[in-house]
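Here is the structure we will look at, set down as structure tokens.
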Amino acid sequence: MRDLSSLPDLKLALVQTTLAWHDREANLARFEALLDQVRGADLVILPEMFTTGFSMDSENLAEPEQGPTHAWLRQQAKRIDAVITGSLIIRVADGTHRNRLLWARPDGEVLHYDKRHLFRMAGEHKHYSPGEVQALFELKGWRVRPLICYDLRFPVWSRDSQDTDLLLYTANWPAARRHHWNRLIPARAIENLCYVAAVNRVGTDGKGHPYSGDSQVLDFQGESLLDAGDGDGVFHASLSAAQLAAYRERFPAYLDADDFTLAR
């Protein structure tokens, strides 16, 4: 493990709110107003498919890779001087659709991660193509690895082989399975010896599915640093690199981890 002693604390803002069904303009207006409450944050996390809700209508809702939401994220990241991330429906050059997380930096750079595990119980695998590679983004020296919703259920894909400091999950996780959400998130933190931030939505989508929120931040022992419950708004947490480094030194379970290679 590398030396984390010189890293600053990382300040997070989790945006948990309702989503207007299939209405990009309404959602962007809502998020723009909420972003006025994130001043001072280094990283702002929005839900999965934050412009539309969790929809299988990829053909009609997809944006080009550098479409209007890509431009909006760049503009907002510069405005609030923070990284903003969340996923949306993207049509890539080959004509396929991706559930793509965009990572917009204040300097204008936009990176991405494509959801690997597609939720077949909703038919997501019939409307989207899966991502094939993990992503690792750096922010103020912190190593942040983004994943999307259903990815949470698959510990091999979440397993840390890259000295990750923060696992990030953005989701539309329905209330019917909130028990799973609240059990799996601590497991990912504990097994990877890292912080976890997980952002969900609230309200009811266009299919009538309710969402209970439960956005949260946990430390490397699975202890809660933030639990948004079913609240609607912006929630803040701060992560300490010094505390993470001290725990890894006291309990270096990573030294006994199994080596593995991910199949493509």
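Predicted model, so just to flag it, every value in this text is computed and none were measured. All heavy atoms count here, side chains included; hydrogens, waters and symmetry mates do not.
- From Leu118, atom CG reaches atom OG of Ser129 across 8.0 Å, with rounding to the nearest 0.5 Å.
- Heavy atoms from other residues, nucleotides or ligands lying under 6.0 Å from CD of Glu249 number 12 at most.
- Contact check for Ser215 versus Phe235: no side-chain heavy atoms found under the 4.5 Å cut-off.
- Counting only N and O atoms by type, the side chains of Tyr211 and Asn200 include no donor and acceptor under 3.5 Å apart.
- Across Tyr254, Tyr195, Phe220, a single residue satisfies ring-ring contact (aromatic ring centres under 6.0 Å, His included) together with Tyr247, and that is Phe220.
- Asn182 and Gln216 share a side-chain donor-acceptor pair at under 3.5 Å.
- With contacts defined as side-chain heavy-atom distances shorter than 4.5 Å, the pair Leu218/Ile185 qualifies.
- With sequence neighbours left out, Asp114 forms a salt bridge (charged side-chain N to carboxylate O under 4.0 Å, His left out) with Arg98, Arg100.
- Clustering ILVMFWY residues whenever any of their side-chain heavy atoms sit less than 4.5 angstrom apart, transitively, puts Ile148 in the very cluster that holds Val156.
- Side chains of Pro155 and Glu191 form a contact here, defined as non-hydrogen atoms less than 4.5 Å apart.
- Taken from CG in Leu61 to CD in Glu59, the straight-line distance is 10.0 Å, to the nearest 0.5 Å.
- The closest side-chain heavy-atom distance from Arg153 to Leu184 is below 4.5 Å.
- Heavy-atom contacts from other residues, nucleotides or ligands closer than 6.0 Å to CG of Asp94 number more than 12.
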Task: Arg145/Asp151 under salt bridge (charged side-chain N to carboxylate O under 4.0 Å, His left out): CA gap, chis, key distance, verdict - done: CA-CA 12 Å; Arg145 193 145 50 87; Asp151 286 334; over 6 Å; no

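- Among Leu7, Leu4, Asp9, the one residue that satisfies the side chain to side chain contact (heavy atoms under 4.5 Å, CB included) test with Trp142 is Leu7.
- By the side-chain hydrogen bond (donor to acceptor under 3.5 Å, both in side chains) test, Ser158 pairs with Tyr169, sequence neighbours left out.
- Leu12 pairs in a side chain to side chain contact (heavy atoms under 4.5 Å, CB included) with only one of the listed residues (Leu43, Leu225, Asp42, Leu168), which is Leu43.
- The two residues Leu147 and Tyr113 make their nearest non-hydrogen contact at CA-CE2, 3.7 Å.
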Open item on the list: Under the criterion side-chain contact (heavy atoms from CB on, under 4.5 Å), I'd like the reasoning laid out for Leu239 against Leu244: C-alpha separation, chi angles, the key distance, then a yes or no.
Closed with: CA-CA 9 Å; Leu239 311 183; Leu244 174 60; over 6 Å; no

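- Residues satisfying the salt bridge (charged side-chain N to carboxylate O under 4.0 Å, His left out) test with Asp107, not counting sequence neighbours, are Arg105.
- Judged by distance alone, with hydrogens and angles left aside, the side-chain atoms of Glu63 form no donor-acceptor pair with the main-chain N or O of Ile89 at under 3.5 Å.
- Under 3.5 Å, the side chains of Thr164 and Arg143 contain no donor-acceptor pair of N or O atoms.
- Under the ring pair (Phe, Tyr, Trp, His ring centres under 6.0 Å) criterion, Tyr150 pairs with Phe119, Phe154, sequence neighbours left out.
- Within the 4.5 Å cutoff, side-chain heavy atoms of Arg2 are placed close to those of Asp165.
- With 3.5 Å as the limit, one finds no donor-acceptor pair spanning the side chains of His209 and Thr204.
- Side-chain atoms of Asn172 come within 3.5 Å of backbone N or O of Glu48 as a donor-acceptor pair.
- The minimum heavy-atom distance between Phe137 and Pro146, with the atom names listed, is CE1-CG, 3.5 Å.
- Nearest heavy-atom pair across Thr170 and Pro47 is OG1-C, 2.8 Å.
- Put simply, CG on Leu101 and SG on Cys149 are 12.5 Å apart, with the number rounded to the nearest 0.5 Å.
- In summary, the side chains of Asp3 and Ser5 do present a donor paired with an acceptor at a separation below 3.5 Å, with no hydrogens or angles considered.
- Nearest heavy atom pair, residue Ala122 against residue Met56, reads O-CG, 3.4 Å.
- The environment of CD in Gln221 is crowded: more than 12 heavy-atom neighbours from other residues, nucleotides or ligands sit within 6.0 Å.
- Residues meeting the side-chain hydrogen bond (donor to acceptor under 3.5 Å, both in side chains) test with Asp219, sequence neighbours left out: none.
- Side chains of Arg24 and Thr69: no donor on one and acceptor on the other come within 3.5 Å.
- The environment of CZ in Arg39 is crowded: more than 12 heavy-atom neighbours from other residues, nucleotides or ligands sit within 6.0 Å.
- Between Ser55 atom OG and Glu124 atom CD the span is 10.5 Å, to the nearest 0.5 Å.
- Leu226 contributes atom CG, which lies 9.0 Å from atom CD of Gln16 (distance to the nearest 0.5 angstrom).
- Arg79 and Glu32 make their closest contact through NH2-O, 3.3 Å (heavy atoms, listed as atom of the first residue, atom of the second, distance).
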- [ ] Just do the salt bridge (charged side-chain N to carboxylate O under 4.0 Å, His left out) check on Arg201 and Asp232 with the steps written out, would you?
- [x] CA-CA 8 Å; Arg201 61 162 293 182; Asp232 189 323; over 6 Å; no

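- Checked for salt-bridge contact, Asp163 and Arg248 meet the test: a charged N lies under 4.0 Å from a carboxylate O.
- Side-chain contact between Val217 and Leu14 is present, with at least one heavy-atom pair separated by less than 4.5 Å.
- Note that OG of Ser238 is 6.5 Å distant from NZ of Lys11, once rounded to the nearest 0.5 Å.
- Trp181 places a side-chain N or O within 3.5 Å of a backbone atom of Asp214 that can act as its donor or acceptor partner.
- In the hydrophobic clustering, Val38 connects to Val15, Leu19, Leu28, Phe31, Leu34, Leu35, Val44, Leu46, Phe50, Trp72, Leu73, Ile80, Ile84, Leu88, Ile90, Val92, Leu102, Val110, Val234, either directly or through intervening members, whenever side-chain heavy atoms lie under 4.5 Å apart.
- In this structure, Asn27 and Thr18 approach most closely via the heavy-atom pair OD1-O, 4.5 Å.
- Side-chain N or O atoms of Gln134 include one that pairs as donor or acceptor with a backbone N or O of Trp157 at under 3.5 Å.
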